[in-house]
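Below you'll find the structure, written out as structure tokens, and then a few comments.
Here is how names work: the chains are called A, B, and so on, in the same order as the sequence lines, proteins then strands, and each is numbered from 1.
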2 protein chains.
Amino acid sequence: MIWRMATVTETKKSRVSEAKVRPGGQGARMRDVAHAAGVSLMTVSRALREPQKLSEETRKAVLDAVQKIGYVPNSVAANLASNRSTVVGQIVPSIQNSLYADTVKGTADVLRTAGMHLLIADSGYSMQEEEALIGAFLSQRVGGLILHNTDHTPKALQMIERAGVPVIETGDVPRDPIDMVVSYSNADAAKAMTLHLASRGFKRIGFVSLDTRTNRRARERQRGYLAGLKSLGRAKDPLLMMEVPGGLTSGSHAMVDMMQRAPDVDAIFFAGDVLAIGALFEAQRRGWKVPGRIAIAGFDDLDILQHTVPRLTCLRLPRLEIGRRSAEALLGRMRGDDAPVLLDLGFEVIQREST
Amino acid sequence: MIWRMATVTETKKSRVSEAKVRPGGQGARMRDVAHAAGVSLMTVSRALREPQKLSEETRKAVLDAVQKIGYVPNSVAANLASNRSTVVGQIVPSIQNSLYADTVKGTADVLRTAGMHLLIADSGYSMQEEEALIGAFLSQRVGGLILHNTDHTPKALQMIERAGVPVIETGDVPRDPIDMVVSYSNADAAKAMTLHLASRGFKRIGFVSLDTRTNRRARERQRGYLAGLKSLGRAKDPLLMMEVPGGLTSGSHAMVDMMQRAPDVDAIFFAGDVLAIGALFEAQRRGWKVPGRIAIAGFDDLDILQHTVPRLTCLRLPRLEIGRRSAEALLGRMRGDDAPVLLDLGFEVIQREST
DNA sequence: CTGTTAGCGCATTCAA
DNA sequence: TTGAATGCGCTAACAG
């Protein structure tokens, strides 16, 4: 049963639109504050940015005037005049994915404490879109870029180089970084999980990932899985490998398909988003024992994984920390530290009941 | 068992830092393009913004020069000169919460097609923080604001009024809007769910929400629940009402507590975030039948709710649509439409197996 | 259709 | 410690 409610109202009443006399929006400027405080424009500018360089008397007079007038500085003009920016741009594959939200949160928190702000966009997993966004961000003269991606178009690379802004790449450890890197290694993590599953006694370990052709992170994870098999002395088996779209439904189908194609599979490592959760729910629906009938491991430690029945084995990646460290590295650069940073923040294998 | 890997490397190698001759970052300016194309500065400006006003010949010459030089316009200067902005600011309670991510996504998508961008911040559910962020956004001279909140500090209201920027409030339908509203009614939605549960035959319907003292949306939902009871001719029972923090664990505790305090409760309506999912998992762990032993309903239609066993009854709110419509209303205002908008986008009650 | 003049609001640099 | 001159890179308004 579905109830529905929706109404649309057009009204003429609104506080702002009635109060808005001068369209375009503005307010007091610095000179207005200067007049009110009986000082020069420069003194106001200083009172706001380097208050310690003024006598206590004038400083107070200026700040009082600022309060009284309700002056809000124009940081666009400040940016233009000083050639410095208080904004950093971050591009993630998808805003809706809570994994990236963690990274964004870490970045935003650190930037805020430094009085800076974050311009966010999502590329929809597309390099072309990323290129367009990088152009837009550079046009806004952001002070730095954080890219959750390590593949870029030639034009994007060229724009970044010409702009000379500091850049952080996250999401993987690239061979040839643009500038700074704050990340973990997808290949190392996938290999570690593969070895872990083997150590738990599983003989036929399946691997399900997103499309490795278009997604480097998926490709690296697959590489790690195969490296794990190799170091175990096991052969690669196409029946045990699948590439599927993201999503809960996709995970459930992948599990069922693989168990049909390779009935002796005893564990499946889902190296993408929420695939493992979808598979677990499917097992619940079918009454399959996890790990008795099939063991399930995931890649990211989503909050929910430790609440399901059974709880899910997975990797834990330092998403929030990546965001924080990225922001810190960027701030360092803007302050003039010129030591490029390559941070591999590592990962953990979290063993739970599902394996 | 936990594996761990983490390495930290400081290196001096980096493409950009070596290529970066002129620190501070810049590139070609418009006059460089003008020289290269043999035209005036204004012609370049027009070629980029109103190409149809130029002869095909000059336009091509300019755009070729732009390509060749790799010119990236400085929209900070453009903004200052034109007193227009290509950026909109959005403040949500939490970036990490995927509910808000949907709204953000809708906003960002619509803005992008209009060549605009989104500055995002989270207030951490605090009005004070919201005030600070509004100040920062206005300082950046954003062209509009989208606030997922309907309670604001007096100073915030004052700043907004003085700036004269268009504002959208989302997240509830306020009695006294600042400007435009694009939302749904929390009270109506909660009442509808309460009546729905009664129509399914449940006699003792519990209500669990977030803190109603600090969170207006929680307060409105509680009001809707009580209105529902009243129209059913049922009395308010404190034993059937709880306020708890957010989170899966919190939901599971709430369910257990309420069933201990009021053993005859036959359905619980969880009006916050992921509480219902936490409760369902707890029921699975304890082997309680849902809805046999206890029925469970949630508020937001998270993707996962239709995959759990059993699937969860909930409300469906038009999060993405709220983002889209907000952006559209804002764009309309910037273009000069001055009809304030009050949109109630409604909701649906989704009946599934858990009730 | 194209160019010229003026100035957006602030910070830098110098002088007082 | 404070102030005056100059310009950041671009667009509006006008002239040609």
Report summary line: Applying salt bridge (Lys or Arg N to Asp or Glu O under 4.0 Å) to B:K155 and not counting sequence neighbours gives none
Query raised in the report: Tell me the salt bridge (charged side-chain N to carboxylate O under 4.0 Å, His left out) pairs involving residues 126-139 of chain A, sequence neighbours left out?
Result: A:E129-B:R112
Using a cut-off of under 3.5 Å, enumerate the N/O to N/O pairs linking the protein to nucleotides 12-15 of chain D.
from, atom 1, to, atom 2, distance (Å)
D:dA12, OP1, B:R84, NH2, 2.2
D:dA12, OP2, B:R49, NH1, 3.2

Report summary line: Residues pairing under salt bridge (charged side-chain N to carboxylate O under 4.0 Å, His left out) where one sits in residues 27-43 of chain B, two or more places apart or in two chains, turn out to be B:R29-B:D32
Query - Pairwise ring pair (Phe, Tyr, Trp, His ring centres under 6.0 Å) hits with a residue in residues 142-167 of chain A, at least two apart - result: A:Y100-A:H148
Report task. Please list, by residue number, the residues of residues 51-66 of chain A whose heavy atoms come closer than 4.0 Å to an atom of DNA chain C; answer none if no residue qualifies. Result -> none
Requested in this report: Return each pair, listed once, that meets ring pair (Phe, Tyr, Trp, His ring centres under 6.0 Å) where at least one residue sits in residues 31-61 of chain A; pairs must be two or more places apart or across chains.
Outcome: none
Query raised in the report: Any ring pair (Phe, Tyr, Trp, His ring centres under 6.0 Å) pairs touching residues 108-138 of chain B, not counting sequence neighbours?
Result: none
Query - By salt bridge (Lys or Arg N to Asp or Glu O under 4.0 Å) - contacts of A:K68 (at least two apart) - result: none
Report summary line: For DNA chain D, the dot-bracket notation using Watson-Crick and G-U wobble pairs below 3.5 Å, [ ] for pseudoknot-type crossings and | for other-strand pairs, is ||||||||||||||||
Query raised in the report: How long is the line joining CE of B:M30 and C1' of C:dG3, in whole Å?
Result: 14 Å
Query raised in the report: For B:E321, what residues pass the salt bridge (Lys or Arg N to Asp or Glu O under 4.0 Å) criterion, not counting sequence neighbours?
Result: B:R325
Query - salt bridge (Lys or Arg N to Asp or Glu O under 4.0 Å) involving B:D64 - partner list, sequence neighbours excluded - result: B:K60
**Report entry** DNA chain C: 5'-proximal contact among A:R29 and B:T43 (nearest heavy atom)
**Finding:** B:T43
Query raised in the report: Under 3.5 Å, is there a donor-acceptor pair linking the side chains of B:E169 and B:N149?
Result: no
